[in-house]
Asks: 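This is the structure, below, for whatever I ask next.
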Amino acid sequence: MTPGRAPSLGFMNTQHDIIVIGAGHAGCEAAFAASRMGCDVLLLTLDPGTVALMSCNPAIGGLAKGHLVREIDALGGVMAHAIDATGIQFRMLNTGKGPAVRGPRAQADKLHYNAWMREFIRRQRGITLAAGMAADLISEGGRVTGVRTGDSSRINARAVVCTTGTFLDSVMHCGLEQTSGGRAGEGSAVGLADAFGRLGIETGRLKTGTPPRLRAASIDTSRLEVQPGDDPIVPFSFMSGPIEREQIVCHLTHTTEATHEIIRANLDRSPMFTGVIEGIGPRYCPSIEDKVVRFPERDRHHIFLEPEGRSTDLVYINGVSTSLPADVQEAFLRTIPGLANVEVARPGYAVEYTYCPPMQLHASLELKSVPGLFFAGQINGTSGYEEAAAQGLLAGVNAALSLRGEEPLVLRRDEAYAGVLIDDLVTMEHREPYRMFTSRAEYRLLLRHDNADLRLTEAGRRIGLVDEDRWRRFEAHREQVDHGMALAERSRVSAVCLEAEQWEAFELPMPRSVVTAGEYLARPEVTIDQLRRAGLFGEGLPERAAEQVELHYRYSGYIEKQRLQVERMSELEALELPDVVDYSTVRGMRAEAAEKLARFRPASIGQASRIAGVTPADISVLLVHLKARRRAA
């Protein structure tokens, strides 16, 4: 079978372990994880040629999102390998701030990324990539047992992972014109929403959008600020060696008051402001018309011009998501510096689509009401490739574990950003697209992007995603870090270690007493590189291991404080809540808290405490109620 080609399902009546619906970023990770764990997986998609196609910005990573990619990689997933192979510009964001809030980001070659992932999936043993539309879910005894396609073929499975993205009953808006579809040139998936309703699954409508695409030759870059990539490149995957390739440059420009005047004058032609679009859009990635209306005091908004690849002349205009009519888009674009003669290759548009509020899910991403059915990605109300991929990986893992009869892999909030993401989804009521931020992680100093492998590789090994080569490399790295920590503890630094002029030459403060190298590294002006150049720390420690040693001691006080917080919180997480609790009978609990707890059905006291509308007082009376139940039993 050649990449991007797959048989029609019209004649098939097959049996698989797992069916994954949708081959976007969530679907690819889910299919790969389940197949790697020994399952026979059918990856069902409307068009096999669009595997992992980037519908919006052709970039991976960013603040908090880069953390998710590193975690996917540490667990044994695919996304980091794909972007390392196809990236055309790499940057580390927030380098002027602390390590907890830095994040790797890379601009991708859109077509190359799609081709790379398509070929990867094609070669993966255990995955059948097939063209078809999942139109209905088959269930028996309350458990999902398969999928019925648009041509009425029945495909049986022991579990189904649904990753429909923005394609479920989707409608595209450009001005007041509406077209059925979830992406330009592609159709909509119909039927599944009816199946959800029949199974008692709640649904809602959300909205997302994408900017116009511009012809590179029509942009006057001489007037624009250049944004180059980093040198050297920092790879995403812990398995990648040095990346040496020519990087493209991006450019920075901005809107003007003339831009805003044109937008304001045409709001009566906007589907957002005329009530045509009812779905709620992403709060943190608003359209340009929304920004102009919400921030009237701003006379400009930053815009990034990002090439979509080496073999295409299309440029993505980051910051100008819009659903205004095509003629209005062209008019306001030409008021932006550098774009006076711009040619619009494709206008921007908005997409309205069906999602399922994720409070209906267990932390394993399995539906509480429908065993064997897992949701991942934008169907859960999230936005972003990285959030989707992290969910997809864990949904695929947990679908496979459920078939083995094993406990699901549920990452805690102190273990991973992916744990924060899923815990937020299942314990909070979301009526707008969810996006990951570093501020959502209360233990973010423990969850840095640089230590994702130390946090998660063992879990990936335990479930069968981490192969021998990765495991050997990980063990070697961990031993190097341990060696560096031991060296920092036994090495001593004192004033007599160097001559007075040498302290100054190496730009090191002279210690007033004898301290360990670890204690000395706790000083913000001291780096491990300075110590090594001055001969005060052993040679031969690899750069990545040295970085871990330096960060450990630099932030040791804060890290220890967060570890103590984790220990206290773990006591609440360990207190499981029976699924049969009737919260309306809990004496002293407020009606709002009882209603929220009955809807969300949290698995633990810790989860219950994070549900909006549940107060510490409610948790206290709940603990008293549970204690009384245990005594009565």
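All residue numbers in this chain count up from 1 along the given sequence.
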Asks: So Phe375 and Leu365, side chain to side chain contact (heavy atoms under 4.5 Å, CB included) or not? Walk me through it.
Replies: CA-CA 6 Å; Phe375 285 173; Leu365 298 179; 5.9 Å; no
Asks: Apply the test salt bridge (charged side-chain N to carboxylate O under 4.0 Å, His left out) to residues Arg563 and Asp414: give CA-CA distance (whole Å), side-chain angles for both, the deciding distance (0.1 Å), then the verdict.
Replies: CA-CA 9 Å; Arg563 292 200 187 281; Asp414 61 287; over 6 Å; no
Asks: Is any side-chain heavy atom of Tyr316 less than 4.5 Å from a side-chain heavy atom of Thr210?
Replies: yes
Asks: Kindly say whether Leu252 contributes a backbone atom to a donor-acceptor pair with the side chain of Gln227 at under 3.5 angstrom?
Replies: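 Side chain of Gln227 to backbone of Leu252: no pair is present.
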Asks: Could you check whether any side-chain N or O of Gln107 sits under 3.5 Å from a backbone N or O of Gly87, counting only pairs where one atom can act as donor and the other as acceptor?
Replies: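 Not a single qualifying donor-acceptor pair exists.
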Asks: With a 6.0 Å cut-off on the ring centroids, do His449 and His67 count as close?
Replies: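 Yes; His67 has its ring centre under 6.0 Å from that of His449.
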Asks: Between the main-chain N or O of His112 and the side-chain N or O of Asp109, is there a donor-acceptor pair closer than 3.5 Å?
Replies: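 Yes; at least one donor-acceptor contact below 3.5 Å.
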Asks: If only atom types and distance count, is the side chain of Glu71 paired as donor or acceptor with the main-chain N or O of Leu68 below 3.5 Å?
Replies: no
Asks: Should we count CZ of Arg523 as having more than 12 external heavy atoms under 6.0 Å?
Replies: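 Counting other residues, nucleotides and ligands, CZ of Arg523 exceeds 12 neighbours.
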Asks: Leu411 pairs by side chain to side chain contact (heavy atoms under 4.5 Å, CB included) with which of Ile422, Val420, Leu75?
Replies: Leu75
Asks: Around atom CZ of Arg544, are there more than 12 heavy atoms of other residues, nucleotides or ligands at under 6.0 Å?
Replies: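 For Arg544, atom CZ is crowded (more than 12 foreign heavy atoms under 6.0 Å).
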Asks: Kindly check if the number of other-residue, nucleotide or ligand heavy atoms within 6.0 Å of CD (Gln565) is above 12?
Replies: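 More than 12 within 6.0 Å, yes.
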Asks: Apply side chain to side chain contact (heavy atoms under 4.5 Å, CB included) to Thr527 and Glu550, showing your working.
Replies: CA-CA 7 Å; Thr527 68; Glu550 180 177 312; 3.8 Å; yes
Asks: Give a yes or no answer on whether the side chain of Thr163 reaches the backbone of Gly22 with a donor-acceptor pair at less than 3.5 Å.
Replies: yes
Asks: Under 3.5 Å, side chain of Glu387 to main-chain N/O of Met436, donor-acceptor pair present?
Replies: yes
Asks: Are the side chain of Glu560 and the backbone N or O of Ser556 linked by a donor-acceptor pair below 3.5 Å?
Replies: no
Asks: Between Arg435 (side chain only) and Thr382 (backbone N and O only), is there a donor and an acceptor less than 3.5 Å apart?
Replies: no
Asks: More than 12 foreign heavy atoms under 6.0 Å from CD of Glu246: is that the case here?
Replies: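 No.
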Asks: If you apply the rule salt bridge (charged side-chain N to carboxylate O under 4.0 Å, His left out), what do you find for Glu573 with Arg412, and how did you get there?
Replies: CA-CA 9 Å; Glu573 297 295 344; Arg412 301 189 309 269; over 6 Å; no
Asks: Verify whether one side chain among Asn451 and Gln548 offers a donor that lies under 3.5 Å from an acceptor in the other.
Replies: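 Note: Asn451 and Gln548 side chains miss the donor-acceptor criterion.
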Asks: Under a 4.5 Å cut-off applied to non-hydrogen side-chain atoms, are Phe120 and Val78 in contact?
Replies: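 Phe120 vs Val78: side chains touch.
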Asks: Should Asp467 and Arg36 count as side-chain neighbours, where that means a heavy-atom distance under 4.5 Å?
Replies: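 In contact.
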Asks: On the ring face of Tyr417, is Arg455 found with NZ or CZ under 6.0 Å from the centre and within 45° of the axis?
Replies: no
Asks: In this structure, are over 12 heavy atoms from other groups packed under 6.0 Å from Glu202 atom CD?
Replies: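 Counting neighbours around CD of Glu202, more than 12 heavy atoms of other residues, nucleotides or ligands fall under 6.0 Å, so yes.
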Asks: Would you check, one step at a time, whether the test ring pair (Phe, Tyr, Trp, His ring centres under 6.0 Å) holds for Tyr113 with Trp116?
Replies: CA-CA 5 Å; Tyr113 189 99; Trp116 189 98; 7.4 Å; no
Asks: Would you please test Met37 and Leu401 for side chain to side chain contact (heavy atoms under 4.5 Å, CB included) and show each step?
Replies: CA-CA 8 Å; Met37 294 171 67; Leu401 289 174; 3.7 Å; yes
Asks: Assess whether side chain to side chain contact (heavy atoms under 4.5 Å, CB included) is satisfied between Phe537 and Ile528, documenting all intermediate values.
Replies: CA-CA 8 Å; Phe537 199 85; Ile528 202 166; 3.8 Å; yes
Asks: Output yes when a side-chain donor or acceptor of Gln562 lies under 3.5 Å from a complementary backbone atom of Ile559, and no otherwise.
Replies: no
Asks: Taking the side chain from Gln378 and the backbone from Gly384, do they hold a donor-acceptor pair closer than 3.5 Å?
Replies: no
Asks: Indicate every side-chain donor-acceptor pair of residues 234-243 with a distance under 3.5 Å to a residue at least two apart or in another chain.
Replies:
| from | atom 1 | to | atom 2 | distance (Å) |
| --- | --- | --- | --- | --- |
| Ser237 | OG | Asp73 | OD1 | 2.8 |
| Ser237 | OG | Asp73 | OD2 | 3.4 |
| Ser237 | OG | Met239 | N | 3.0 |
| Ser240 | OG | Asp84 | OD2 | 2.6 |

Asks: Quick one: which of Arg300, Arg298, His260 gives a side chain to side chain donor-acceptor pair (under 3.5 Å) with Thr255?
Replies: His260
